[in-house]
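Heads up, the thing below is written out as structure tokens.
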Amino acid sequence: MPDPAWYSHEICFWHDPGPGSGYVPVGPGVEPLRQFAVDPDLRRAEGLVRAAGVMDHFRQVTPVPAKDDDLLLVHTPGHVERVEAASALGAGDAGVYAHVNYHSALAARLAVGACVQATEAVLAGTYDRAYCLVRPPGHHAEPDRAMALCLYNNVAVAARAAQRAGARRVLVLDWDVHHGNGIQRAFYDDPDVLYVSIHQDGLFPPASGLVTETGTGAATGTTLNVPLPAGSGHETYLAAVDRLVAPAARAFAPELILVAAGVDAGGHDPMGRMMCTSRTFHAMTSALCDLADELTGGRVVFAHEGGYSAWYQPMLVLGTASAIAGLPEPQDPFLHSLEHLPGQRLQPHHRRVVEHLENHHPLLAGRARP
Ligand SMILES: [Zn+2]
């Protein structure tokens, strides 16, 4: 059985983007209501993992806040100052739709700290695998700009920290329903980091994450965007992993895998229009752990990103956590509401995206396929 670690910190659950409706802050036409990205929901996810007995299979680790040396691996000093200043005021926008409260700056440093420290521990062989249940999320944050709930780019900083620790090639897979523009931008010209994003086509950011974005210069081929049509579900996500992520990973030969493991591609998420279930996340996570066993000596770190369904997010985190611990998929009382829907199957308009990338992406085109 694997020996995984679980990184989380209470202060990450105290980050709160403030009153709004959905994800829009209170203002003209917006009545005060609970926002989606309220992080007590994430504490409930951790509670379900514990109640299900799955936490007993993890070694729990309390991270320490990331230092400036870590943040500056990706971010500019001015960006760090803006996040700290907005948070010190107790409210406001640290960038573009990146609202904060008093605790956000520390929560963001703890989120980065968790991902960096988990990565370093896995590289050192302290644990086989790790899961970081962190907020704020990170994958939209750019080197000089907080964006869309993301303050610091947790996974991008972890990838740079892995390079600092001596890892030569790092695969970053991002299955959050949105495109991870911040991770892509951080590594677009770095041939030693392969960034693969499976996301809903045309969702957010606008015009970001196109199949034609494949990296630049010597890094051409080390960005792989898989923009799936809205309504994609279980079989399509697994096809993307089996037919695109796995062959790309084998071609790239990483020494470490990092996964931006948002669960907002879940079928009840208010921010996305995808159909994934706990069974999907369990299967994808198991596939990535198998790929790590094959390619990286088992070294893989998963970090939470988006996930906004108050009632379904905990079950999707449990599906992910169960697979990391090498346990079977959980009993999911919500499955019946999603599994019979036709979008769960690989439909022709889903298949076309996969086949296009198999045939045209620089890292995949021309490779012999079974
Ligand atoms: Zn997202």
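Just so you know, ligand 1 is whichever comes first in the structure, and atom 1 is the first atom listed for that ligand.
- Residue Arg345 qualifies as open at atom CZ: its count of foreign heavy atoms under 6.0 Å is 12 or below.
- At a cut-off of 2.8 Å, His178 coordinates the Zn ion (ligand 1) through an N, O or S atom.
- Of the charged side-chain nitrogens involved, at least one lies within less than 4.0 Å of a carboxylate oxygen, so that Glu358 and Arg243 count as a salt-bridged pair.
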For this session: Dump the intermediate steps for side chain to side chain contact (heavy atoms under 4.5 Å, CB included) on Trp175 and His199, then the final yes or no.
Result: CA-CA 6 Å; Trp175 63 48; His199 52 271; over 6 Å; no

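- The atom of Asp176 that is an N, O or S and sits closest to the Zn ion (ligand 1) is OD1.
- Restricting Asp264 to its N/O/S atoms, the shortest distance to the Zn ion (ligand 1) is reached by OD2.
- In this structure, Asp69 does not pair ionically with Arg164, as no charged nitrogen and carboxylate oxygen lie closer than 4.0 Å.
- Within the 2.8 Å limit, Glu305 places no N, O or S atom next to the Zn ion (ligand 1).
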